[in-house]
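By convention in this document, chain letters (A, B, ...) are assigned in the order of the sequence lines, proteins followed by strands, and residues within each chain are numbered from 1. Quick caveat: nothing in here was measured; it's all calculated off a predicted structure.
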Amino acid sequence: MNNPHNSHRLALRVAAIATLFVVAPQTSAETIVIKSAQVHTGTGAVVQDGMVVITDGSITAVGANLSVPAGATVIDVQGGSVTPGLIDANAAIEASDLMITPKRTASSVLHDVFCVKHSDKPIAGCCGSMCSRALQHVDGEDCRECGFPNTAPNLAVGVRRHGSLAEQSSEVIPHTRVIDSVNLRSPDFERLLSGGVTTVFVSADPAAVLTSQGAIVRTGGPMADRIVREADAVKAVMGSDPFLRGPRNTRPFRQYVDFHARRPTTRMGVTWVFRKALYDTQRHGQGLPVGGADTPSVPAMKTLSKMLTGEVPLRIQARMQRDILSALRLAKEFDLRFVLEEGTEAHRCTDELRAADVPVIYGPMYITPAGYRNSTELDGARLHTMRALVDAGIETALTANDLRDEDGLARQAMYALRHGVPLDAVMRSITQTPAKLLRVDDRVGTLEPGKQADVVVWSDGPFEATSKPLVVLINGRIVLDKRTG
Amino acid sequence: MIRLSRSLLILLSVASCASASAQKPDAIMAGRYVAPDGTIKTDTAIVLDRGKIHVTVARDVYTKTDNIVAYPNAVVCPGLIDVRSRIGAHDNLTETAHAIDPAASAIDSLDLTHRDFRAAVEAGITAVMLSPTENNLVSGVAATVKTARVSGDDPVLRGDGPLMFAVGSTVFSEDRAPTSRIGSAAMLREALDEAKAGRGHERMRLFSAGSLEGLVVCEDPMDVSAALRTLANGRPSIAIVHTSDAHDLAPELARGSRAVVVGPYAFGMSPRTLSTAGVYAAAGVPVVFAGGTPEASVGSLRTTAALAVRYGMDSAKARRAMTVLPATLAGVSERVGAIHPGLDADLVVFSDDPLRLDARVLDVYIKGVRVYHADVRADQTTGETP
Amino acid sequence: MNHTTYSTRHRNPWGSALSRCAIVAGLLALIAVPVARAGENAGRLAFRVGKVITMDPGDTVINNAVVLVSNGKIERVARQSEMTIPEGYRVIEAPDKWLVPGIIDAHNHTVANFWWMDLNDMVYLTNPGLRTLETIEPENELLKDARAGGITTVMMIPGSGTNMSGFGTISKTAGKTVDEMVLRAPGSLKIAQAGNPEWYWYGVGRSFMNYNTRQTMEKAKAYHEAWQAFEAGEGAERPEFDPVFDDFRGLFQHKFPVTVHTQIYQVVMTTLDMLKKKLDVRTVLDHCTFDGYKTAPLTVEADVYAINGPRQYNFDRAERKMNGNAARWWQGGVKKLGLNTDAPVVPQEELPYQAAMACWYGWQPYPALRGLTRIPAEALLIDDRVGSVEAGKDADFGIWTGDPIDPRSACEMTVINGKVVYDADVRRRF
Amino acid sequence: MEKGVNMRSMWPLLTGSLLCAASVFGAPPAKVALEGGRIIPVVGDDISKGTVLIEHGKITAVGKHVEVPYDAMVVDVSGKVIFPGMIDTHSARGMDIRNENLPVTPFLDVYDALDPSRLYFEDALRDGITSIHAIVANNCVIGSLSRVIHPIGLTPDEMTLQAPVALKLSVAPKRRSDRMVQMATLRETFLELADYLENLAETKYEESLEKEDKKIDVGPEEARKRGKPLIKFEDYDDAHRNLIKLTRGELGAFIYCGIAGDVGRAVKLAKDNGFFGRSTLVLGDACFKAVSEIKEAGRPVVLDPDLLYRERDPITGDIKETFIPKVFADAGVAFSLLPYPNNSLAERYLNYQAARCVRNGVDRKTALESITINPAKALGVGDRIGSIEVGKVANLVVFSGDPLDFESWVDMVYINGIRAYERKDDVRLKQLFGDEPAEVTEGEAPEDEKKKGAEADDKPADDADGKGEAPAETPSDKANETGTDG
């Protein structure tokens, strides 16, 4: 395979430290040694002709010139590279309530043969109306039943505005948990795994102002060990998603007041609902009465009070500059720490983000920004956003969100590289940084002694168009092996 | 109203008993019978006493000859029980106002005079469990009733349980909470927390304390996971109703649930779904078949069992899944469900193994009284009466 | 000057107007020299112009003047003959142009391209707590049009779909972020008296709406008074913070006005009575159309500002004649009279046309020009910052080819906070 | 929204730099030498630090040591890679709609639908695609005549490299149709053609008799026989002319197969009607299951842009993934790749599609051929484009690095020896990277331009000529963009 290395790779190669960590390799019955031309530790450093020694599910040594312990299983991919298991800190996993599982009817066999390929893509969900033709969407054509436009398999978040898995009965639902609608058996996880992603934060659907608590899950390994944290950060949403996604909020305008006639129907309303929820939570915490329009439910306030004390972390999804600034204003008003999600226009307010010391989980990005397609919130997308964030010294993780086809997060890394982010920064943005932002950096995110052995072995350099994960280990266990295929 | 209909039934059944007194044998001589372990055993005398099974002995041990019925070639089976039935109440089991509605009772909707009961009897179903529709997270308690009655017998086997839950998309509504899986789980968690703290409806508190069992209707495999996570609560106090194909959940179900209800099955369903019963049973999960009467035909309970066996289930387990296990699930196993001393003599006589779809129902006994006799031509008769 | 020349033959990706290519190539040259006049020399600029309409309280007009700008403020305005331009100033020569204070639109909704999305949260009739601050998108086409029309300050208020639709924001029309643009937030409280809310809500009449508004305002006033008492240290108990009413405090402290969508005699009358007389808050009448001008004596008596627009005529059925709104207000004695567009209902850049139309119906040009600049600034309590060209004020002004009231005049250059934000030479918009 | 204005600011530059190629289209610089780059000729071995000499639009020399004529413009491309211009083998994106509603339209030509102002063509240049087979999409029975075009030029005529190339046929059902109807329509079309020819022959014979004032003297069969040689090509009507050319092997056929079962039908249709020898199979993604049949047919194939096929086992529920090109590569079938029509994704790049092949085990040579020479051969222009060889048209892409490296950018594109694209002048790309000052009125000018501005204080008055006639509002690019996708 012909692979010229770009200048920054060469620089890394030169700067690579011969041995990063020398810990005496312990021999054990369960020792695995991974040899590789390049070991990327996730901190940005690279060990040439390095080796990763894994004992009992944990990394015991990383470095060059280590001796192979006796009896160890050796994984040696000539010319390949090794990275930590990738971490997607904002993964939108299969919207289960919209999940189109082919119903096993009398004609199900035929149905499977002709339709199942499409159903495995998120396209059925983007129709959202669950129309009877949902399974028969053909790429590039409008839905023949409901007319939903061209359902290409990879739609940007925000484009898919009709579907929602969020609870519709309220705008403040932080007491709900995303894990309850995550299907751990979803093929999404297989796909994430085959793209080298080992840990994900499953993010809530942005259809409510204060929406559900996300979950941190592993993408492979025994089912019983999959869930790392059942209820993690609460997600707040700025912008138009809370009232446009899912069955959209309506005004009682010349029609009966129905279930969806509620605030917000505007950006003004979004911030108000946020403020009102936190204000009521504060009062509730002091034993004072709460009431009036937009009062959250008691279980919601229980969770929000934990959020106010910092016990439950907060993430805010904001795409446009004005929404990011709204988030910063609200955080200031209530003295909240938060992580910014998506940040499509973050390049337009790097100063403000840096001043507020807000980390960003940026993405997904495209070759041509999605702004050239039909979503208003993504109009401001630019190719240099990630670079601008990195250059501004803002802690940035990269996410593929709902893009899982073939090489999801690795592809995001490819895009970042192509658009001028240095390899070490890209590497950190999908390993070390998301681990830190998810507070799982004590276990995963880097290849260092003592860490859990989540390792990806690539057929070539990581994030190259000609390279793919050959072996993936989670907790020192091989969960994916494509060496023979 | 209910009381009125019940007394009406009593009057009717008394009248029918008088005419059928000849059909009230002291013993039934069975060439073959379905034993409590589900296997088919041979040559037994089932001795009846005041409507109950007194004892089962080898055929040659029982020497009396008067007032016995002998079925030398037929199979005597405990009355079949359908745990997913809405016979006699099917329009009246859906309450939509509140997602958590433990106060509802299926028994309040029961119409014992409904003609569907007769059809069930003729198909060999002697008891059904009626449950409130699964459109609520907690939809009330189920009731188990016999499909026919004889004099002096209360057809209601149980009216206060188990408590019905549902966690799948059947619960979601467009005009009340919850509308989603995450909302369902959160509401349920909140309600259970309340119950645990001693607040809320009594039935929820009983469930929380483990003295009232639950039955959870699940749609997707992930609903099963959710049910186990939120409701099982560390001890198997719930049974799961789930007809889809959660093969890989079998070990979890074996640990976390009392039983799993599957069915009704139909020809043309995917092999994967049809093999689920066998997979669960092999993993040690007590499997119970659902017939789904009256929406499904009264024969669907046996079709379900036959298909499950066709797709790999053990036959003995399949027979138990129509008789003793549903009785256990409904909490009425001390009354019905097996040919076992002390239980009601609710028996069905099949012309052959009930798992064979060509086996016909010949006679049906409730409380030892024959309530149905197939009017068949002599050359087709395999059972005989002296 | 070194202009890159490009071929004139090209493939036009946006349409078939291939004939444009020659023009395009010509334009290329202009783009290669961007911001010819925006190049800043430590932010110090000197404008040498033919005429400065200062709009100062003395209504001074200075011919052949120089305006010095530094650090975003106007440093000095004087006759050319009275002043030599100091070293270090970049001089912008416009000897035959007018320098006019930045035009102020006291009532508009140009928050974003998709402005209709975020202005009316019409779920409840009363929406204190909502702020337009969150909806303003600095990079929006409407604002670009505004800049090109010489409009430098706008009051962005929520829509009039509900009785009380939230708090507006006074903002400049240029800036990278909202925070950079904002002149004052909250800028005003928006109330819509009848009219639209009547249409949008079944069964809600004026009596209920007025009752409702009064209730809300009185609660807010009670809240404010409780705090006032506490802050005055009169031993009062510390009131609880309430986000619903906290934004109103500035209103009762007379820090910002209430801008009222009000436009029929009865409605204007109620506004004056309820808000100005009884509640004693600073009140600005917006729209003031239909037969609103009949309240002119009441308005004069109440001493409030009236900002008229965007409709400049009213057919009086009784008199069977067409009336100019602004003219009738003026004739009625209301001298605190300004103009607004309600943009994008009427395009922002057409605000001077409102004035032109008002003159056509009988108003006078100079007061009309004042109604575009100083009057709205005074009405919105921002006349310490904008509204006139005076030393110490924000350097917001436009360089015009002539009198802005004359529809034939065009704005050639717009300056906001001492920065050239529009230059027709570089990229003409109109 | 900044986009609109940026577009406005951008398009003069764009038209000036990107598309000026068209302006020199008539008179390309006579001689150009690309010197010092790594040459990947696709046919033959790579040449490091080689030179490609272009004379009058043709490649006249390729090699390590090429004598450059004194009058050639020398372009230093050292450190870069010279690659043949890539070919989009099947694209309906340069047209207003992808398919007509009429099912059988052999009388139509994409010539009448091509819109040279489509953003698609600009994108194609940016992506290194120098030749496009403009052909209607798959929703047809018999579609229009296709042609091979370059993405530059003001008119379809200027753009055309080869026309006509092929007729489009589909054996997969047209929308709202089914396979039985589809096949019946195809059969009927050719039966009707035979019928038409016979009738025409009879008519011709009758006409010839009339000329000589004779009465018809033979039976109809004989009359047809005698009339046949009398038919001239001009006698055929629009509806049949192209079909006759097709059946005579004078036109290519691009036959779309939707599922594996369609392949056999396509082959039979082509064989029955005499155009098998010039047919190309356009395969839907599930067609790989008929790989042995396809191999046996021995015709060129064009693969679906969706290279990965997933299907779920109905019993186990497991998802099985098949990488389609690998199947064909293993079977030894030469194939052409298509770029994905979704502009936002990496699959829009043909070289990325090739890289995916390599990632999944296809060897590098096959992968590179599938985006260059294979498509050229399938289009019947293998002797003119598709590789860097002496005598071929100078359609070249200069990559900043290896074409299979995702960090490589298309730096320059040469079409017919004309520099049609240069990345440093790509204004849209600059805008997307935030490099272009968004709006002169807001941003501070770049240093050097500031200086220029200062010098230009006393702008001569004649400059004012242009400014009064600024371009009117250009339609937003979005409308066009969605148009190209739709």
Side-chain angles (χ1 to χ4, degrees), chain A residues 171 238-240 243-244 249-257 260-280 282-283 286 288-289 291-294 318 320-330 333-334 345 348-352 355 376-377 379-380, chain C residues 109 111-141 156-159 161-162 165-169 175-182 185 190 196-197 199-204 219 240-247:
Chain A
E171 284 302 325
M238 296 292 118
S240 59
F243 52 93
L244 290 186
N249 289 3
T250 54
R251 303 150 167 179
F253 174 53
R254 292 179 188 173
Q255 66 191 33
Y256 294 109
V257 175
H260 298 287
R262 65 158 176 268
R263 273 206 290 236
T265 62
T266 63
R267 279 185 161 76
M268 304 188 294
V270 169
T271 45
W272 167 251
V273 169
F274 186 101
R275 292 177 68 218
K276 167 78 170 162
L278 292 194
Y279 168 70
D280 282 351
Q282 285 171 344
R283 281 179 68 88
Q286 295 158 13
L288 296 168
D294 309 313
M320 304 179 91
Q321 185 206 46
R322 48 179 164 165
D323 300 331
I324 296 172
L325 294 179
S326 292
L328 290 171
R329 247 179 249 128
L330 288 168
E333 182 175 344
F334 290 97
E345 290 182 11
R348 289 177 62 199
C349 40
T350 45
D351 294 344
E352 289 84 352
T376 59
E377 284 215 354
D379 280 357
Chain C
H109 314 282
V111 289
N113 282 337
F114 296 88
W115 53 274
W116 59 89
M117 254 176 67
D118 288 321
L119 284 175
N120 284 303
D121 212 319
M122 295 194 293
V123 178
Y124 303 108
L125 196 55
T126 311
N127 296 283
L130 303 194
R131 303 161 172 174
T132 52
L133 187 65
E134 289 100 6
T135 68
I136 298 169
E137 167 60 54
E139 293 259 332
N140 88 59
E141 296 297 309
M156 293 180 179
I157 43 179
T162 62
S165 48
F167 289 85
T169 307
K176 285 202 176 79
T177 65
V178 182
D179 297 342
E180 197 183 312
M181 286 161 60
V182 164
K190 168 74 186 284
N196 287 346
W199 274 95
Y200 291 89
W201 282 77
Y202 272 126
V204 180
K219 277 184 203 157
E240 285 159 23
F241 171 80
D242 189 335
V244 177
F245 296 119
D246 207 60
D247 284 345

Q: Please report the closest heavy-atom contact between Val244(C) and Trp272(A), naming both atoms and the distance.
A: CG2-CH2, 3.6 Å

Q: Which atoms of Gln286(A) are under 4.5 Å from chain C, going by heavy atoms: the side chain, the backbone, both sets, or neither?
A: neither

Q: Closest approach of Asp179(C) and Arg329(A), non-hydrogen atoms and distance?
A: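 Where Asp179(C) meets Arg329(A) most closely, the heavy atoms are OD1-NH2, 3.1 Å.
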
Q: Tell me whether Gln321(A) contacts the main-chain N or O of Lys176(C) through its side chain, where contact means a donor paired with an acceptor under 3.5 Å.
A: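 Yes, because the side chain of Gln321(A) sits within donor-acceptor range (under 3.5 Å) of the backbone of Lys176(C).
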
Q: Restricting to non-hydrogen atoms, name the atom on Phe241(C) and the atom on Tyr279(A) that form the minimum distance, rounded to 0.1 Å.
A: O-OH, 2.7 Å

Q: About how many Å separate CZ of Arg131(C) and OG of Ser326(A), when rounded to the nearest 0.5 Å?
A: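 That separation rounds to 10.0 Å.
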
Q: Minimum heavy-atom separation for Leu325(A) and Val178(C), please, with both atom names.
A: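 Residues Leu325(A) and Val178(C), closest heavy atoms: CD1-N, 4.1 Å.
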
Q: Before you tell me yes or no, could you show the steps for Thr265(A) and Met122(C) under side-chain contact (heavy atoms from CB on, under 4.5 Å), namely the whole-Å CA-CA distance, both residues' side-chain angles and the distance that decides it to 0.1 Å?
A: CA-CA 8 Å; Thr265(A) 62; Met122(C) 295 194 293; 5.8 Å; no

Q: To the nearest 0.5 Å, what is the distance between CD (Glu139(C)) and CE (Met320(A))?
A: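 Spacing of CD (Glu139(C)) from CE (Met320(A)) equals 10.5 Å.
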
Q: Is there side-chain contact between Asp294(A) and Tyr124(C), with at least one heavy-atom pair below 4.5 Å?
A: yes

Q: Do Leu133(C) and Met268(A) pass the side-chain contact (heavy atoms from CB on, under 4.5 Å) test, and can you show the C-alpha distance, the side-chain angles, and the key distance before you say yes or no?
A: CA-CA 8 Å; Leu133(C) 187 65; Met268(A) 304 188 294; over 6 Å; no

Q: For Arg262(A), enumerate each residue passing the side-chain contact (heavy atoms from CB on, under 4.5 Å) test, keeping only those at least two apart in sequence or located in another chain.
A: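 In terms of side-chain contact (heavy atoms from CB on, under 4.5 Å), with neighbours along the sequence ignored, Arg262(A) is linked to Gln168(A), Glu171(A), Asn249(A).
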
Q: Assess whether a salt bridge exists between Arg348(A) and Glu137(C), defined as any Lys/Arg side-chain N lying under 4.0 Å from an Asp/Glu carboxylate O.
A: yes

Q: Should Arg267(A) and Met117(C) be marked as a side-chain contact (heavy atoms from CB on, under 4.5 Å) after you check the CA-CA gap, both sets of side-chain angles, and the distance that decides it?
A: CA-CA 8 Å; Arg267(A) 279 185 161 76; Met117(C) 254 176 67; 3.8 Å; yes

Q: Go through the atoms of Phe167(C) and report whether side chain, backbone, both or neither lie under 4.5 Å from a heavy atom of chain A.
A: neither

Q: Specify which of Gln282(A), Lys276(A), Arg283(A) makes the most heavy-atom pairs with chain C at under 4.5 Å.
A: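 It is Arg283(A).
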
Q: Just checking, is any N or O donor in the side chain of Arg263(A) or Asn127(C) under 3.5 Å from an acceptor N or O on the other one?
A: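 Indeed, the side chains of Arg263(A) and Asn127(C) share at least one donor-acceptor pair under 3.5 Å.
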
Q: According to salt bridge (charged side-chain N to carboxylate O under 4.0 Å, His left out), who are the partners of Glu333(A), at least two apart in sequence or on a separate chain?
A: Arg275(A)

Q: May I ask you to test the Arg322(A)-Asn140(C) pair for a side-chain heavy-atom distance under 4.5 Å?
A: no

Q: Between the side chain of Arg251(A) and the main-chain N/O of Asn120(C), is any donor-acceptor distance below 3.5 Å?
A: yes

Q: Hey, are Asp121(C) and Thr266(A) close enough side-chain-wise for a donor-acceptor pair under 3.5 Å?
A: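 Their side chains do contain a donor-acceptor pair, which is all the 3.5 Å distance test asks for.
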
